[in-house]
Number of protein chains: 2
Amino acid sequence: MGIFSKTCEYAIRAVFFIAHRTAGQSGRVGIKEIALGIDSPEPFLAKILQDLSRRGIVQSTKGPNGGFYLDNASLERPLSDIVAAVDGNDIFFGCGLGLKQCSEINPCPLHNEFKDIRNKIHFMLHETKIGEFNNELVTGMLSLKK
Amino acid sequence: MGIFSKTCEYAIRAVFFIAHRTAGQSGRVGIKEIALGIDSPEPFLAKILQDLSRRGIVQSTKGPNGGFYLDNASLERPLSDIVAAVDGNDIFFGCGLGLKQCSEINPCPLHNEFKDIRNKIHFMLHETKIGEFNNELVTGMLSLKK
DNA sequence: ATAATAAAGGATAAAATAGTCTTTTATTAT
DNA sequence: ATAATAAAAGACTATTTTATCCTTTATTAT
């Protein structure tokens, strides 16, 4: 198990892929090409994108020349929006030891240590925008494949 | 889903509990009392401790007055040993986006960001020793219950 | 030695996550 | 209008994680 669920890993990679394939050009990219581009099981990814689409994190149109894309507002969104949508925000605010009542006044042994780490994760994902890596992805400097 | 699996959360809380209940006094503490003390399902916790015992992370003896305890060496171990034993060390070294081939020369978009965070997690868990919170747990300043 | 105790071991069950397949709906080009 | 295309929706399957139960083994006190 990583930091995120598999669903969330696929979601982030897919959104990065859609971003770099459609930014500016007002094009669309289909599920097959995305699945191929990020090495993910196509039908599972379809479900994930369906959900992201419903939530307005990605845009889509049906029919010929249809597919997924990102509007300008979506390109500016932080990665934390994807993570929160898919995995919830336990990773940002939950107790590292799984204690519901853990808080400043009733802390678990690692409360402060985890607060620090969770804040760093939150900050990092909030600072990083979906469209931020488009150039490097186009030039192949960055990878989205296994 | 938190940072760790539920199994790992229970494991850490249980080990903290055993530590503060048996450190120095050369006593033992039974599975029932541990499960109660950390709000965990008893049979599931039994499995987890069985595993930790096999791996030498906790000590145990059977029979009357038996139970779990920690020797001095175990009290000095870092928390990272528990996490590595239970969840593996993907959390310390794995790619945040789940890419097997992700590395310095073939990085995912978040490679450096995640490296930084993973290092902080690793450092924190390596610095923190199992017996470190015994006093605060005895005085009730820290909590292991939901 | 024997009975009582407590963990170890093994088999099974439930829930959550991951993944697949088929049908329906919306869009576009002809 | 119609056929082709591609996502949406829904039902279903598989795997992994979480959790329970029952039997066996080791230890101790009597």
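Chain naming here is simple, since letters A, B, ... match the order of the sequence lines and numbering starts at 1 in each. The structure presented is a predicted model; accordingly, all values stated were derived computationally and were not measured.
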Kindly assign one of parallel, tilted or perpendicular to the pair His122(B) and Phe93(B), based on the angle between their ring planes and the thresholds 30° and 60°.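 Because their plane-to-plane angle is over 60°, the rings of His122(B) and Phe93(B) count as perpendicular.
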Please work out whether the ring planes of Phe133(A) and Phe16(A) are parallel, tilted or perpendicular, with thresholds of 30° and 60°.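 Aromatic pair Phe133(A)/Phe16(A) classed perpendicular.
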Using whole Å, what does the distance between atom [atom2] of nucleotide [N] and atom [atom1] of [X] come to?
X: Lys47(A); N: dT23(C); atom1: NZ; atom2: C1'; value: 11 Å
X: Ile18(B); N: dA7(C); atom1: CD1; atom2: P; value: 10 Å
X: Glu42(B); N: dA6(C); atom1: CD; atom2: C1'; value: 11 Å
X: Phe4(B); N: dT18(D); atom1: CZ; atom2: P; value: 13 Å
X: Asp39(B); N: dA19(D); atom1: CG; atom2: P; value: 12 Å
X: Phe44(B); N: dC22(D); atom1: CZ; atom2: P; value: 19 Å
X: Ile31(B); N: dA19(D); atom1: CD1; atom2: C1'; value: 13 Å
X: Asp51(A); N: dA7(D); atom1: CG; atom2: C1'; value: 14 Å

Please tell me which of Val29(A) and Leu45(B) maps to the more 5' nucleotide of DNA chain D, matching each residue to the nucleotide holding its nearest heavy atom.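 With Val29(A) and Leu45(B) compared, the 5'-side residue is Val29(A).
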Would you say [N] has OP1 or OP2 under 4.0 Å from some side-chain N or O of [X]?
X: Asn65(A); N: dT5(D); value: no
X: Ser53(B); N: dA8(C); value: yes
X: Tyr10(A); N: dG19(C); value: yes
X: Arg54(B); N: dA7(C); value: no
X: Thr7(A); N: dA18(C); value: yes

Identify, between Thr61(A) and Cys8(A), the residue whose nearest nucleotide on DNA chain C lies closer to the 5' end.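 Looking at the nearest nucleotide for each, Cys8(A) comes out on the 5' side.
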I want to verify a distance call: between [options], whose nearest atom is closest to the [X] side chain?
X: Ser60(B); options: dA9(D), dA8(C), dA7(D); answer: dA8(C)
X: Pro64(B); options: dA9(D), dA19(D), dT27(D); answer: dT27(D)
X: Phe68(A); options: dG19(C), dA7(D), dA8(C); answer: dA7(D)

Pairing nucleotide - [N], Watson-Crick or G-U, each distance under 3.5 Å:
N: dA8(D); result: dT23(C)
N: dA14(C); result: dT17(D)
N: dT30(C); result: dA1(D)

If you look at every strand shown and take non-hydrogen atoms under 4.0 Å, does [X] touch a base, only sugar-phosphate, or nothing?
X: Pro41(A); result: sugar-phosphate
X: Lys32(B); result: nothing
X: Arg28(A); result: nothing

For the side chain of Gln50(A) and the base of dA7(D), is some donor closer than 3.5 Å to an acceptor across the two?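 Looking at the base of dA7(D), it does not pair with any donor or acceptor on the side chain of Gln50(A) (distance under 3.5 Å).
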Would you state whether a donor and an acceptor, one from the side chain of Lys62(B) and one from the base of dT25(D), lie under 3.5 Å apart?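 Answer yes: a donor N or O sits under 3.5 Å from an acceptor.
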Establish, yes or no, whether a centroid distance under 6.0 Å links the rings of Phe114(A) and Phe4(B).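 So the answer is yes for these two rings.
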Pairing donors with acceptors under 3.5 angstrom, does anything connect the side chains of [X] and [Y]?
X: His20(A); Y: Glu136(A); value: no
X: Gln59(A); Y: Ser74(A); value: yes
X: Arg13(A); Y: Ser40(A); value: no

